[in-house]
Amino acid sequence: MDGGRIHRFHVARDVEEALSLLSAYGGKGALLAGGVDLLRGPLARVEGLIDITRMGLSSVAEARGGVTVGATSTLTQILESPAARRYVRGILVEVMRAVAVPPLRNMATLGGALVSAHPWADLPTALVALGAEARWRGEKEGKAPVEDLYRGEFRKTFRTAVLIEVSLPPWDGAFAYEKVGRTRYDIALVNACCGLGIEDGTIRWARVAVGARPDRGERLPEIEAALVGREPGEKLWTEIQELVEARVEVGDDRRAGRAWRRKTAGVLVRRALIRAARGAAA
Amino acid sequence: MKLSFELNGVAQYLEADPGERLLSLLRRIGMKSVKEGCDTGDCGACTILIDGRAVRSCLMVAPQVQGKRVTTLEGLGTVDDPHPLQRAFLEAGAVQCGFCTPGMVVIAYELLSRNDDPTPDEVREAIAGNLCRCTGYVKIVDAVLLAARWKREGRWR
Ligand SMILES: Cc1cc2nc3c(=O)[nH]c(=O)nc-3n(C[C@H](O)[C@H](O)[C@H](O)COP(=O)(O)OP(=O)(O)OC[C@H]3O[C@@H](n4cnc5c(N)ncnc54)[C@H](O)[C@@H]3O)c2cc1C
Ligand code: FES
Ligand code: FES
């Protein structure tokens, strides 16, 4: 797969330069972050690569009680950063460790994961559950919850814009991430990310997202509402597991069937809730 | 285009096509330990170190290493002077056809450079993306644990 039609490689010094190169290529240029996704396929349409990893967008910092991650931070950088380790009892560390294997995490960036947005991917599900907000620069500056981006035409947006950073808000409680694949390191057949805030033995807030359905991770507001105001425990977990099974929108693909996904989604949400409740009570 | 980077401690100045795979470039200049197994990031046979971190050279283009420090197995040990990890692979019987071995040694090197007392599970996690079709992995894990012990005992060069 050598060479192809790529005849230029640019290293963008800053976002302005990346944007002007992108527009100069008019659809035939591609932003290159970790390259894990971009260089895996045939680059039929791409003539110029624009490396965006040397623009100073690779920091992970505490901000407003949460954490802000620069778009070109690698998953390993996030995993090893003190800010991510401290964020909501280490949920980012748990999520990053669920993605692929160490050498791929050394390459893949948060921005690349957000923009490639594979429906089976781990990060979209987690980012939606955690209420992440994305900030980008195109012709104008843009800012939106990742959840809203995924409901809209985000692929079109990022054809002419550079994702700058992703901010995660603080949460007073705990989250847990669950994933099943054919092996521990395979991509997910179903994944789930759940969070709970518990006060005086009562659930005050709940976040539940399920992904690889096989569609991309989405929140289940009905399930979240069914958790709030209730007392955490075996009875509730069983009730919620059944409700997820009844309501989650799942489908068939060549990797798994609808009925199996339905059952598995219920089990994963149950497991994540049990661990989140334990974390939130601690 | 012109490229300069450090390869196994030696400065390189060479020409590369902007779209040339790093894997191909490294083999072209004689680094034959770097194997092409899948070309899609799945098998680990092409694993090398960039600035001390393990990466897949099949999922990179050559210009990405501009100004960086690249290490292949050739930079860790030679036939006459093998790296302790290579000696441990021999001693544990962790090599059969050998196609996966360079990638395995490199990924183990990264692990041990940051953790010289890994648990068997930590070794398994580190090598999980490196496929071996011969050994069944047990002896590879043994070899990495043996090399780790040697490292703790001060028996690495
Ligand atoms: C073998 C293998 C195993 C994998 N396993 C998993 C797994 O278990 N779980 C999982 O979730 N994912 C997995 N992935 C997918 C991987 O995590 C993503 O492909 C990766 O995160 C992409 O990041 P990148 O930085 O390499 O993106 P790149 O390949 O550099 O870019 C991907 C796309 O995003 C665009 N882009 C990148 N950065 C920006 C930016 N800042 N602004 C605008 N556009 C941008 C690029 O132009 C390109 O179109 C796997 C991939 C491989 C190859
Ligand atoms: S050849 Fe690179 S991972 Fe298989
Ligand atoms: S020894 Fe043959 S693939 Fe590992």
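Convention: sequence-line order gives letters A, B, ...; per-chain numbering from 1. FYI, side chains are in, hydrogens and waters are out, and symmetry mates aren't considered; it's all heavy atoms of this structure.
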*How long is the span from the CZ atom in A:R105 to the CZ atom in B:R53, to the nearest 0.5 Å?*
10.0 Å

*If you round to the nearest 0.5 Å, how far is CG of A:D51 from CD of B:Q64?*
6.0 Å

*Contacting moiety of B:M1, where chain A heavy atoms sit under 4.5 Å*: side chain

*Can you establish whether the number of heavy atoms outside B:Y109 located under 6.0 Å from its atom OH is more than 12?*
no

_Proximal component of A:E80, with respect to chain B [non-hydrogen, under 4.5 Å]_ = side chain

*asked:* Counting C-beta onward and ignoring hydrogens, is there a side-chain heavy-atom pair between B:P18 and A:R8 closer than 4.5 Å?
replied: no

*Give, as side chain, backbone, both or neither, the part of B:E125 having an atom under 4.5 angstrom from any heavy atom of chain A.*
both

*Run the side chain to side chain contact (heavy atoms under 4.5 Å, CB included) check on A:V101 and B:R56 step by step: do they pass?*
CA-CA 11 Å; A:V101 290; B:R56 303 289 205 231; 3.8 Å; yes

_Gap between atom CD1 of B:I127 and atom OH of A:Y185 - 0.5 Å precision_ = 9.5 Å

*If you look at every heavy atom in B:V61 and A:L39, which pair is closest and at what distance?*
N-CD1, 3.7 Å

*Answer with side chain, backbone, both or neither: which region of A:T76 has an atom nearer than 4.5 Å to a non-hydrogen atom of chain B?*
side chain

_Contact winner vs chain B - A:L38, A:L49, A:V11, A:L32, heavy-atom pairs under 4.5 Å_ = A:L32

_Heavy-atom contact with chain A under 4.5 Å, split by part of B:A128_ = both

*Charged N to carboxylate O below 4.0 Å: is that the case for A:R40 and B:D42?*
yes

_Can you confirm whether more than 12 heavy atoms, excluding those of A:R13, are under 6.0 Å from its CZ atom?_
no

_Polar contact flag, side-chain donor to acceptor under 3.5 angstrom, B:E110-A:N106_ = yes

*With rounding to the nearest 0.5 Å, note down the distance linking CG in A:D37 to CG in B:L59.*
9.5 Å

*If you draw a 6.0 Å radius around CZ in A:R97, do more than 12 non-hydrogen atoms from other residues or ligands fall strictly inside?*
no

*Within 6.0 angstrom of B:K35 NZ, more than 12 heavy atoms from elsewhere*: yes

